[in-house]
Each structure stands twice: as C-alpha cells, then as structure tokens.
Amino acid sequence: MSMVQTVDNVALLPAYLAAGTAVLVLLADLLVARARVTISVAVLGALATAAGAVLVGGGGERRTFCVGADCSYVFGGRAALVAVLVALLTLGVLGLSGPLLRAGATPVGEYCFLLAASMTGGVALGAAGDLITLIVALETLTLPLYVLVGLRRGSLASIEAAVTFFVVSVVATTLTLLGAALLYATTGALHLGRLGALFAERPELLDIPLTTVAVALVVVGLTVKVAAVPFHAWAPTTYDGAPLPVAAYLSTVSKLGGVVALLAVVQHALPAQITGLVLALLAVLTMTVGNLVALRQRRTVRLLAWSSVAQAGYILAPLGALALAAGRTGDARAAAYAAAVAYTVFFVVLELAAFAAVVALRPAGADGGTLDELRGAARRRPWAAVGLALALVGLAGLPPGLAGLFAKVTVVRSLLDGGAAGLALVVAVNAVLGLAYYLRVVAALWSTDRPAVIPTDPTAVPTDPAVAATGPAVGSIDPSVALVRAKPVAVVLAAATVVALVVGFAPQLVLDLAAR
C-alpha cells in the first residue's frame, strides 16, 4: 500500500482562509498600526472563511491526507456547518468587542489575532478524521483563549479565571492524549473510522481492561471541554472573570468545539455500549446540577455560565440513548447525532444573543454585573432588554423563542425513538426547572422596584493611589464606564435575534444540515 498521502487543497481552503486571516491581522497591525484597519481585516477574513466553507461544503465530501481508505481530513456537510458557525460566531464576537477595544486597555492586534487563530482551530476541528488531528485542532481553538480570558487588565478575577482555565484545559488535554495513546496501543489505529470498524469486527477488544480505560480517558478529557458535571467547576469562574466578549466566545465557539470533538469520537470511533452509559449519567448530572445551582446565582454571567452547563446536559442527552440496544439501531443513532448537533446550533445562536444584550446593557469594559443591576433595564435600553428576554425565553424553550422550543422537542423525540423514555422525562423535568431562573431575569428587566444603577467593577484593582486609598466618590460615574450605544453591538444583537427567529420557524432545515 502506498504511504504517499494525497493533498486536496480545495478541501483545506476554509482552513487556509482562517489561518490567512490570523497572519494578515498581524501584518496589518504591524504595517498600518490602525485599529480600524486591523479589525476590518479580521472581519473580512471571518466572512471569507464562512463563504469558503459554504462553497467547499456545497460540492460534496472531500478527503485529504489519506493513506488507503483512511483520511485525516474529511470536509463534508457537517464540517461545513461547523466551519460556517465558527466563522460567523467569531464575527459576532468581534462586533461585541467594539466597546472593549475602543476603551484602549486591550491591544487590538493581539486580540484580533488570537480570535482568528482560535477560529482556525474551530474550522479544522469539524473536518478532523483521526484522533491526533482532532486533538491538535481542539487545542488550536483553545490555546488563544488562555490569553484572551486574562485580558481585563487590573482585574484579579480575570487573572484567576485565566489560570483556572489554563490548568483545567491542560489536565483535560493530557487525559485525552493519554486515552488516544492507549487506544493506539490496543488497536494500532488512530483514524476515527478505522477505530470504529475494528471495534465492530473484533468485539473481544472490548474485554481488554486497557481499552475501557482508554475510552474513559478520551470521553472524560473531551467532556471537560463542554463543562459537563463533574468536570464543570472551571466554567463559572472563567466566564465571569473574562471580558464579556471573550465569555461570549467561550460559551459559543469553545462549547461548539467541545461538542463537535466529543460527537466525532462517539459517532465514528468509540464503542457505543461503553460511551452511551457514561454519557447518559453525565447528561443527567450536568443538566440537574447546572439548573439547581443557576437558581442561586446573583451575578449575570455566572447565571449564564451555569445555564450553559445545564444546556450541555441537554446536548449530551441524545447520546445517552446509545446505552440501550434500541438506541443503537441505525435510525436511532442517526436521530441522536442529528439532535445533538441541532441543539448545539440552536443553543449557540441564542447564547450569542444573550451575551450581546448583556454587553449592550453594561458599561464599556465592565464585567456582567449582578442581576439586581438589570432591574428596570427595559426603561434604559428597551431594544437590548427585548433581545435579552427573547434569548432567555428561547433558552428556556418557551414561545416565542421557537428555536429553543424545537431544540428541546428534538432532543426528547430522539430519546423516545431510542427507547430512553426515562432520560426524556429527566430532560422534561429539568426544562421546567430552568424556567425559574430564566423567567426571573426576564421579570427583573421590567421591574419597577428600584432604578437601575451603573456600578463600578468590584473586582478591578485601582491604579490611582488616591482612589485606591479612599475609593471612588459616592454617586460619581467615570466617563469610561458610561453606557455605550455601540452600533456593532446592536447589529450583532439584531442579527442573532433574527437568526434565532428564522431557525425557529424552519427547524427542519437545521436538522437536515445536522444529519449530513
């Protein structure tokens, strides 16, 4: 057999465009040194990446870096969907970053470069055909985020968040790599399709204890990335300490990357009879713990973080049906995979809208603040309050947030088709439980109990010795924290809300794309 790998540059075009964006951003920042030009290059690069993914994905599946029938890079319909989502979400986060970058405390060139580099990893991740490519792409997506999380200068919470995220991610990557190495030791294969075929042809491999350990390590390492309980503790601290646009990126693109990686190994490589039971247990723990702890949150971003944990449980739930024989039939498995992907698509759109509304309601450069500070926000920013309310109602699965409603219906239907009625009941109970904190925030937006205030960031370290010694004057508001009427933020919020409404009225389109 020839060991010469074929290279299809057309299949690699979206990754080329994403990587080229990162390089061009650095050059623009170095040679032109104008923030507007640097941001424009990043925006055009994200748009070009999305367009390239649509063009390549529309031409059928393309394979490259192949040895025989095994390929390390497979760009098909689902890979194109992931690449487009990653590029558009990155574009949305760039829009949300306008107030942060205009404040002057964040270096524009480095910020845009790190986002573009992370986008490159996300684009490559959807097309990964072997464990090494998968892990490298996932780390390319994650590594720039360590720096982005710590970019709130002078904030102790930001430093703590960056260190927490770094340590947890390194441990998760180590576990995943160890699991991949043990899988190679027991099977002699790393390509996802080859691993799946070996486990199907040689069921005796599943009787080897080392195989069970390897599968467990890979699954655990990847579930850390999606913040599944009990590997979730990093998420609230990291989200709340990061700049708001970076928290939005973590909650959407980073979450999407973790789901894509986990789905790739579960669907193509690992034995369903082992992973199904583990994922069912993780799904129940994740959605239940996430919803219960979210009920007690008083900080906005922490509530969204715990909500994101609970949403990860809903995403994992369809894969839990693989634990049952009825859930491992061809049609049931296809429905479970499509439901997990579709729910992720609905979730990231609604989550971006929620963070866009929070950015619009908060001072430039500030953190997410507390829920009490959102009281009466509809009187100050009615359009932002409506956007936040629609996003939260959608995440709760209530009309008129049809995207969230159909997402939960899709998950429950896939579980019923797979014979997992008990797990479907847990999803339904948790969906009702989640209503308590989502609707509480919506009610606070129109509350008349007290006027909304504009507080300073309680975690910031004062740089002025006088302020550090005496604190800010009571009732004073620094101009740098005045509420920003930023057009890019409004555009992102409007676009995310419109997309959420559109996919809510056409959910079958998302399901068809997810099933490809």
Nearest heavy-atom contact between Leu445 and Ala385 is CD1-O, 3.6 Å

Please round to the nearest 0.5 Å and tell me the distance separating atom NE2 of His232 and atom OG1 of Thr223. 12.0 Å

For Leu416 and Ala424, which heavy atoms make the closest approach, and how far apart are they? CD2-CB, 4.0 Å

Nearest 0.5 Å, what's the CD-CZ distance between Gln311 and Phe346? 12.5 Å

Taking Ser308's backbone N and O only, do any of them form a donor-acceptor pair with Lys255's side chain (distance below 3.5 Å, no angle check)? yes

Please examine the side chains of Leu303 and Arg440, heavy atoms only from C-beta on, and report whether any two atoms are closer than 4.5 Å. yes

Side-chain heavy atoms of Thr300 within contact of Leu374, under 4.5 Å: yes

What's the verdict on side chain to side chain contact (heavy atoms under 4.5 Å, CB included) for Asp417 and Asp331, showing C-alpha distance, side-chain angles and the deciding distance? CA-CA 9 Å; Asp417 290 344; Asp331 291 342; over 6 Å; no

Can you tell me how far the OG1 atom of Thr410 sits from the CG atom of Leu405, to the nearest 0.5 Å? 9.0 Å

Assess whether side chain to side chain contact (heavy atoms under 4.5 Å, CB included) is satisfied between Leu352 and Leu89, documenting all intermediate values. CA-CA 8 Å; Leu352 181 65; Leu89 289 170; 3.8 Å; yes

Donor-acceptor list for residues 116-126 side chains, cut-off 3.5 Å, not counting sequence neighbours:
from, atom 1, to, atom 2, distance (Å)
Ser118, OG, Leu141, O, 2.6
Ser118, OG, Tyr249, OH, 2.9
Thr120, OG1, Ala18, O, 3.3
Thr120, OG1, Ala19, N, 3.3
Thr120, OG1, Ala116, O, 3.0

Give a yes or no answer on whether the side chain of Arg413 reaches the backbone of Ala339 with a donor-acceptor pair at less than 3.5 Å. no

Got Leu316 and Leu262 here, is their nearest side-chain heavy-atom distance under 4.5 Å? yes

If I compare all heavy atoms of Ala436 with all of Leu295, which pair ends up nearest, and what's the gap? CB-CD2, 3.4 Å

Checking Asn291 side chain against Asn430 main chain: does a donor-acceptor pair fall under 3.5 Å? yes

Shortest non-hydrogen contact between Pro236 and Arg302, atoms and distance: CB-NH1, 3.4 Å

Among all residues two or more places apart in sequence or in another chain, which pass the side chain to side chain contact (heavy atoms under 4.5 Å, CB included) test with Val224? Val168, Ala172, Phe231, Trp234

Between Arg379 and Ser447, is there a donor-acceptor pair closer than 3.5 Å when you use the side chain of the first and the backbone of the second? yes

Please work out which of the three classes, parallel, tilted or perpendicular, describes the rings of Tyr239 and Phe355, given edges at 30° and 60°. perpendicular

Ignoring hydrogens, what is the shortest heavy-atom contact between Leu415 and Ala321? Give both atom names and the distance. CD2-CB, 4.0 Å

Per the side chain to side chain donor-acceptor pair (under 3.5 Å) rule, what does the pair list look like for residues 346-357, sequence neighbours excluded? Ser251-Glu351

Is Val218 close to Leu270 at the side-chain level, that is, under 4.5 Å between some pair of heavy atoms? yes

In the structure I gave you, are the side-chain heavy atoms of Val359 and Val492 within less than 4.5 Å of one another anywhere? no

Working to the nearest 0.5 angstrom, can you tell me the gap between Phe165 CZ and Leu145 CG? 5.0 Å

Kindly determine whether Leu263 and Val341 satisfy side chain to side chain contact (heavy atoms under 4.5 Å, CB included), including the steps that lead there. CA-CA 8 Å; Leu263 188 64; Val341 174; 3.1 Å; yes

Are the side chain of Thr344 and the backbone of Ala340 linked by a donor-acceptor contact shorter than 3.5 Å? yes

State, without any angle test, whether Thr370 and Glu373 hold a side-chain donor-acceptor pair at a distance under 3.5 Å. yes

Atom CG in Leu392, atom CG in Leu435: separation rounded to 0.5 Å? 11.5 Å

Any side-chain heavy atom of Val43 sitting closer than 4.5 Å to one from Leu91? yes

Flag, side chain of Lys408 to backbone of Leu395, donor-acceptor distance under 3.5 Å: yes

Distance-only criterion, 3.5 Å: show the donor-acceptor pairs between side-chain atoms of residues 274-287 and protein atoms not counting sequence neighbours.
from, atom 1, to, atom 2, distance (Å)
Thr275, OG1, Pro271, O, 3.2
Thr286, OG1, Val229, N, 3.0
Thr286, OG1, Leu282, O, 2.5

Residues in side-chain hydrogen bond (donor to acceptor under 3.5 Å, both in side chains) contact with Thr49, at least two apart in sequence or another chain: none

Any sub-3.5 Å donor-acceptor pair from Arg328's side-chain atoms to Leu322's backbone N or O? yes

List the steps and the verdict of side chain to side chain contact (heavy atoms under 4.5 Å, CB included) for Leu501 and Val498. CA-CA 5 Å; Leu501 292 174; Val498 169; 5.5 Å; no

Just jot down the side-chain hydrogen bond (donor to acceptor under 3.5 Å, both in side chains) partners of Tyr146, sequence neighbours excluded, or say none. none

Going from OH on Tyr438 to CG on Leu398, what distance comes out if it is rounded to the nearest 0.5 angstrom? 10.5 Å

Exam field: side chain Thr90 to backbone Val86, donor-acceptor pair closer than 3.5 Å: yes

Is there side-chain contact between Ile315 and Val226, with heavy atoms separated by less than 4.5 Å? no

Sub-4.5 Å side-chain heavy-atom contact between Val345 and Val503: no

Is it true that, when you exclude Tyr337 itself, more than 12 heavy atoms of the residues, nucleotides or ligands shown sit nearer than 6.0 Å to its OH? yes

Nearest non-hydrogen partners of Ala248 and Leu96, listed with the distance: CB-CD1, 4.1 Å

